[in-house]
Undergrad: 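First, the structure itself, so that you have it in front of you.
Atoms within a ligand are numbered from 1 in the order they appear, just like the ligands themselves. One is the number of the first residue; the rest follow in order along the sequence.
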Amino acid sequence: MPQRLPATPLPLFNSASTRALEQAALAWHPQPSLMQRAGRACAQLAQALAPHAQHIWVLCGPGNNGGDGLAAAAILAAQGRKVTLTWLGQRERCSSDTLVALQQAQNQAIHWSDTPPALQPHDLIVDALLGLGLHSQAATNPRIAALLQHSYASPATVLAVDLPSGLQADTGLWQAGYAPQTPHHSPGHQQRHTLSLLTLKPGLFTADGRDAAGQIWFDDLGLGQLPIALPSPAPTAWLHHPAAPITAGLAARRHASHKGSFGDVLVIGGQGLQAGAAMQGAAILAASAALHHGAGRVFLHLLDHGQLQQLPQTPEIMLRNQVTALAQLPSSTVVCGCGGGSSVAALLPKVLEHSARLLLDADALNAIAADAMLRQRLKNRGPAGLPTVLTPHPLEAARLLNSSVPAVQADRLAAAHTLANTLDCTVLLKGSGSIIASPGEVPHINPTGNALLATGGTGDVLAGMVAARWASMPNGMHRQAHHAACAGAYAHGAIADGWPAQRPLTAQALARTLARAC
Ligand SMILES: NC(=O)C1=CN([C@@H]2O[C@H](COP(=O)(O)OP(=O)(O)OC[C@H]3O[C@@H](n4cnc5c(N)ncnc54)[C@H](O)[C@@H]3O)[C@@H](O)[C@H]2O)[C@@H](O)CC1
Ligand SMILES: Nc1ncnc2c1ncn2[C@@H]1O[C@H](COP(=O)(O)OP(=O)(O)O)[C@@H](O)[C@H]1O
Ligand SMILES: [K+]
């Protein structure tokens, strides 16, 4: 029976690992076949999602994904549903399982048609055009492309079988030619569901994946019950879920603790107006987020000899000049770069050399990308036992990788992994489905967050939230940094998910809100 995803960490498997599992299971010739199981699961979910559908349009592609659709169509028609079926396959090229499903569909009262039917909002489209077999090099099939555009424009709910057709399982990137052409296509305009089969694939959770997939369901096709030992490939990534509720760390504080028990966060950033564009707000947001997320003490050094004596809204934050700030590097979790502009580069050599724990964001990342000496100093931190977290958005990651935003977005897991390993850091690659990668760790994909976060300053808040969590952890290298980055990203997104959708979320409100336990 298809299930919603449980609230636990979930292993994600790329197409190679999924294929290995599929082949091992197929070799055992399970009865009913995996395709019959997939068809049943899909028909069950279709009935549950659209109990009042007058009409179900099942789109079946030329491969086994289409076979799943044929098997589902046969069941739905046998249950008395009005089914229109579009099949793009050729009998002589079908797998034996697909031939069985084709015969089952042909035995039912199904309307076979290449023309899209007129559908109403309560109707259903089953998208079984392309699944795991999507070839990235294949030329766009114009019939598949046209059918997909019809499905995106339809008012009916869409249920994608295994994957949204045209979405790459490993990267979450739409294959050129199959992406929605409607400019503002989003889950808000159409109810979308995806029934992932056998495994959950990373592409469902990052890049274009979250919009494409909509609500995700899972069915392991009974693999867990097979009386054989299946290979157990290492997960490609984990879909992150915290081990304890977000607020548990604060609630579980010992009575006999003091402000020094939870670490010092020192924020360095916020270029002044003499550089032409003041960006002090960014550093203040990071410091404020660290404060509201439980750091023991928060210090702020504003660049360019910032004139502020104190912050009236947050008097708890202690301002430091350059000399006193630099003296605190060895005892602090340092956040450097938020709103740093061009002024931050001058401080970076010392910051890189002396910070006990260092989170680099925004202009600190840009400065390092542009300067081989700074890059080398960053690389020296790992061997010196000094952990570092980088929080690039895709453009900052592209600069560090000397590549482009499309190249980063084309494989976000790979981009984060490469950066983490070449720079010996934890990397939090931001954007929908943020990736957290560290040397020696299986990467995590963050499942929380939404486009309310697409507003200036939310990245600065994320930096402060990660730092607050990291500051309270025991010493360690990548594992603590990795956990802090995962926990911070999760809480950051969870606040946005709990925010009323019709109210804009400002970075300041984000900084001051602690997500409800979840
Ligand atoms: N083998 C089995 O018995 C099982 C298969 N399963 C289903 O089978 C799917 C995988 O089946 P396949 O390996 O046949 O692959 P697909 O059905 O996903 O796609 C293969 C077909 O699509 C065409 N194609 C590939 N890339 C294309 C592109 N870019 N543009 C246009 N056409 C393209 C290929 O030429 C081929 O005809 C899974 O996603 C899942 O839905 C599951 O039912 C589990 C059991
Ligand atoms: N559409 C979205 N879905 C999920 N998270 C998002 C989305 N847009 C932005 N975010 C998150 O908001 C933050 C924005 O950070 P960043 O781009 O550095 O902005 P800024 O520099 O203005 O602070 C990141 O954590 C990012 O992952
Ligand atoms: K599909």
Side-chain angles (χ1 to χ4, degrees), residues 15 18-19 21-23 25-26 30 33-39 41-42 59-69 71 88-90 93-98 101 126-145 148 158-169 175-178 194-198 201 210-211 219 221 223 279 282 285-286 338-339 361-363 365 391-396 428-435 446 448-463 465-466 488-489 492-493 496-497 505 507 510:
S15 31
T18 304
R19 289 289 196 200
L21 270 172
E22 185 189 81
Q23 288 313 310
L26 286 172
S33 69
L34 294 186
M35 187 172 284
Q36 290 297 313
R37 295 170 191 229
C42 176
L59 288 160
C60 297
N64 289 319
N65 193 248
D68 294 348
L88 304 185
Q90 294 166 280
R93 302 181 82 167
C94 285
S95 67
S96 54
D97 285 340
T98 302
V126 175
D127 160 20
L129 285 168
L130 295 166
L132 213 54
L134 179 76
H135 289 296
S136 55
Q137 305 306 326
T140 302
N141 176 324
R143 285 180 75 199
I144 294 181
L148 283 173
V158 173
L159 168 58
V161 182
D162 203 20
L163 286 157
S165 295
L167 189 83
Q168 294 174 3
Q175 179 93 358
Y178 301 129
T194 297
L195 172 58
S196 195
L197 300 170
L198 288 176
K201 292 90 185 165
R210 296 185 69 195
D211 282 326
D219 197 302
L221 303 183
L223 241 62
M279 296 190 288
L285 282 168
C338 301
D361 190 33
D363 293 313
L365 299 173
T391 54
H393 59 49
L395 177 58
E396 289 153 358
L428 197 175
L429 175 59
K430 295 184 283 195
S432 179
S434 292
I435 311 284
N446 180 52
T448 61
N450 60 60
L452 283 174
L453 292 170
T455 178
T458 55
D460 308 311
V461 172
L462 175 69
M465 289 176 61
V466 171
H492 183 257
D497 291 342
L505 173 57
L510 180 69

Undergrad: How long is the straight-line distance from CG of N141 back to CG of L88, given to the nearest 0.5 Å?
TA: 6.5 Å
Undergrad: Closest non-hydrogen protein atom to atom 6 (C) of ligand 2, residue and atom name please, with distance?
TA: L453 CB, 3.8 Å
Undergrad: Measure from the side-chain N and O atoms of N446 to the backbone N and O of S434, and report whether any donor-acceptor pair falls under 3.5 Å.
TA: no
Undergrad: Could you list the atoms of ligand 1 found under 4.0 angstrom from a heavy atom of A38?
TA: 43 (O)
Undergrad: Check whether any N or O atom of L197, backbone or side chain, sits under 3.5 Å from an N or O atom of ligand 1, and answer yes or no.
TA: no
Undergrad: Does some non-hydrogen atom of the protein lie less than 4.0 angstrom from atom 17 (O) of ligand 2?
TA: yes
Undergrad: Within a strict 4.5 Å, meaning less than it, do heavy atoms of the D361 and D460 side chains meet?
TA: yes
Undergrad: To the nearest 0.5 Å, what is the distance between CG (L34) and CG (L198)?
TA: 6.0 Å
Undergrad: Please identify which atoms of ligand 2 are closer than 4.0 Å to at least one heavy atom of L462.
TA: 25 (O)
Undergrad: Heavy-atom contact under 4.0 Å between Q36 and ligand 1?
TA: no
Undergrad: In ligand 2, which numbered atoms sit nearer than 4.0 Å to a non-hydrogen atom of S434?
TA: 27 (O)
Undergrad: Return yes when A139 approaches ligand 1 closer than 4.0 angstrom through a heavy atom, no otherwise.
TA: yes
Undergrad: Using a 4.0 Å heavy-atom cut-off, which part of L130 comes near ligand 1: side chain, backbone, both, or neither?
TA: both
Undergrad: Select one of side chain, backbone, both or neither to describe which atoms of T140 lie under 4.0 Å from any atom of ligand 1, heavy atoms only.
TA: neither
Undergrad: Starting from atom 12 (P) of ligand 1, locate the nearest protein heavy atom and write down its residue, its atom name and how far away it is, to 0.1 Å.
TA: N64 N, 3.8 Å
Undergrad: How close do A25 and P30 get, counting heavy atoms only, and between which atoms?
TA: O-CD, 3.1 Å
Undergrad: Quick check on contacts: which atoms of ligand 2 are under 4.0 angstrom from a heavy atom of H393?
TA: 17 (O), 18 (O)
Undergrad: For ligand 1, which atoms, with element, lie under 4.0 Å from some heavy atom of D97?
TA: 3 (O)
Undergrad: Side chain, backbone, both or neither: which part of R93 has a heavy atom under 4.0 Å from ligand 1?
TA: neither
Undergrad: Based purely on interatomic distance, does L34 place a nitrogen or oxygen under 3.5 Å from a nitrogen or oxygen of ligand 1?
TA: no
Undergrad: Please check whether S432 reaches ligand 2 - meaning an N/O of the residue sits under 3.5 Å from an N/O of the ligand, judged on distance alone.
TA: no
Undergrad: By number and element, which atoms of ligand 1 are closer than 4.0 Å to a non-hydrogen atom of G131?
TA: 16 (P), 18 (O), 39 (O)
Undergrad: For N141, take its heavy atoms, then give the atoms of ligand 1 lying under 4.0 Å from any of them.
TA: 31 (C)
Undergrad: Only heavy atoms of D460, strictly under 4.0 Å: list the atoms of ligand 2 that pass.
TA: 23 (O)
Undergrad: Below 3.4 Å, can you find an N, O or S atom of L163 next to the K ion (ligand 3)?
TA: yes
Undergrad: I need the nearest protein heavy-atom contact for atom 25 (C) of ligand 1: residue, atom name and distance, please.
TA: G133 O, 3.2 Å
Undergrad: How about L130: does one of its N, O or S atoms come closer than 3.4 Å to the K ion (ligand 3)?
TA: yes
Undergrad: How far is atom 31 (C) of ligand 1 from its nearest protein heavy atom, and which residue and atom is that?
TA: Y178 OH, 3.0 Å
Undergrad: Out of curiosity, is G431 lining ligand 2, as in a heavy atom under 4.0 Å away?
TA: yes
Undergrad: Does the salt bridge (charged side-chain N to carboxylate O under 4.0 Å, His left out) test come out yes or no for D162 and K201, once each step is laid out?
TA: CA-CA 9 Å; D162 203 20; K201 292 90 185 165; 2.6 Å; yes
Undergrad: Number the atoms of ligand 2 from 1 as they appear, then name those within less than 4.0 Å of a heavy atom of G457, with their elements.
TA: 20 (P), 22 (O), 23 (O)
Undergrad: Short question: side chain of Q175, backbone of H135 - any donor-acceptor pair under 3.5 Å?
TA: yes
Undergrad: So which protein heavy atom does atom 24 (C) of ligand 2 come closest to, and at what separation?
TA: K430 CD, 3.5 Å
Undergrad: Have a look at ligand 1 and work out which part of N65, if any, has a heavy atom under 4.0 Å from it: side chain, backbone, both or neither.
TA: both
Undergrad: With heavy-atom distances below 4.0 Å as the criterion, list the atoms of ligand 1 near A138.
TA: 27 (C), 28 (C), 29 (N)
Undergrad: So which protein heavy atom does atom 25 (O) of ligand 2 come closest to, and at what separation?
TA: H492 CE1, 3.3 Å
Undergrad: State, to 0.1 Å, how close V461 and A507 come at their nearest heavy-atom pair, and which atoms those are.
TA: CG2-O, 3.3 Å
Undergrad: Strictly under 3.4 Å, is any N, O or S atom of D127 next to the K ion (ligand 3)?
TA: yes
Undergrad: Just to confirm my output: which protein heavy-atom neighbour is closest to atom 4 (C) of ligand 1, and how far is it?
TA: E22 OE2, 3.6 Å
Undergrad: Rounded to the nearest 0.5 Å, what separates atom CD in E396 from atom CG in D363?
TA: 7.5 Å
Undergrad: Return the residue, atom name and 0.1 Å-rounded distance of the protein heavy atom closest to atom 2 (C) of ligand 2.
TA: N450 O, 3.5 Å
Undergrad: Which ligand 2 atoms does G456 reach within 4.0 Å, using its non-hydrogen atoms?
TA: 22 (O)
Undergrad: Determine the minimum heavy-atom distance between L197 and A38, stating which atoms define it.
TA: CD1-CB, 3.7 Å
Undergrad: Is there a protein heavy atom at a distance of less than 4.0 Å from atom 35 (O) of ligand 1?
TA: no
Undergrad: Can you list the ligand 2 atoms lying under 4.0 Å from a non-hydrogen atom of A451?
TA: 1 (N), 2 (C), 3 (N)
Undergrad: Of the non-hydrogen atoms in G63 and T98, which two are nearest, and what is the gap between them?
TA: O-OG1, 4.1 Å
Undergrad: Counting only N and O atoms by type, is there a donor-acceptor contact under 3.5 Å from the side chain of N450 to the main-chain atoms of A496?
TA: yes
Undergrad: Just distances here: any N/O of H135 and N/O of ligand 1 closer than 3.5 Å?
TA: yes
Undergrad: Within the side chain of H492, is there an N or O that forms a donor-acceptor pair under 3.5 Å with the backbone of T458?
TA: yes
Undergrad: Looking at every heavy atom in both M35 and D68, which two are closest together, and how far apart are they?
TA: CG-OD1, 3.3 Å
Undergrad: Evaluate the side-chain proximity of L129 to Y178: yes if any heavy-atom separation is below 4.5 Å, no if none is.
TA: no
Undergrad: Would you tell me whether D497 and T448 have side-chain atoms, one donor and one acceptor, within less than 3.5 Å of each other?
TA: no
Undergrad: Report the nearest protein non-hydrogen atom to atom 23 (O) of ligand 2: residue, atom name, distance rounded to 0.1 Å.
TA: G459 N, 2.6 Å
Undergrad: Where is the tightest heavy-atom contact between C338 and A463, given as atom of each residue plus distance?
TA: SG-CB, 4.1 Å
Undergrad: Can any side-chain N or O of H393 pair as donor or acceptor with the backbone N or O of L395 at less than 3.5 Å?
TA: yes
Undergrad: Please check whether L132 reaches ligand 1 - meaning an N/O of the residue sits under 3.5 Å from an N/O of the ligand, judged on distance alone.
TA: yes
Undergrad: Classify the contact between Q168 and ligand 1 as side chain, backbone, both or neither, using a heavy-atom distance cut-off of under 4.0 Å.
TA: neither
Undergrad: Measuring from atom 41 (O) of ligand 1, which candidate in T18, D68, L163 has the nearest non-hydrogen atom?
TA: D68
Undergrad: Give a yes/no answer: is there an N/O/S atom of V161 under 3.4 Å from the K ion (ligand 3)?
TA: yes
Undergrad: Using a 4.0 Å cutoff against the non-hydrogen atoms of T458, which atoms of ligand 2 qualify?
TA: 12 (O), 13 (C), 14 (C), 15 (O), 23 (O)
Undergrad: Could you check atom 10 (C) of ligand 1 against the protein and tell me its nearest heavy-atom contact, residue, atom and distance included?
TA: R19 NH1, 3.8 Å
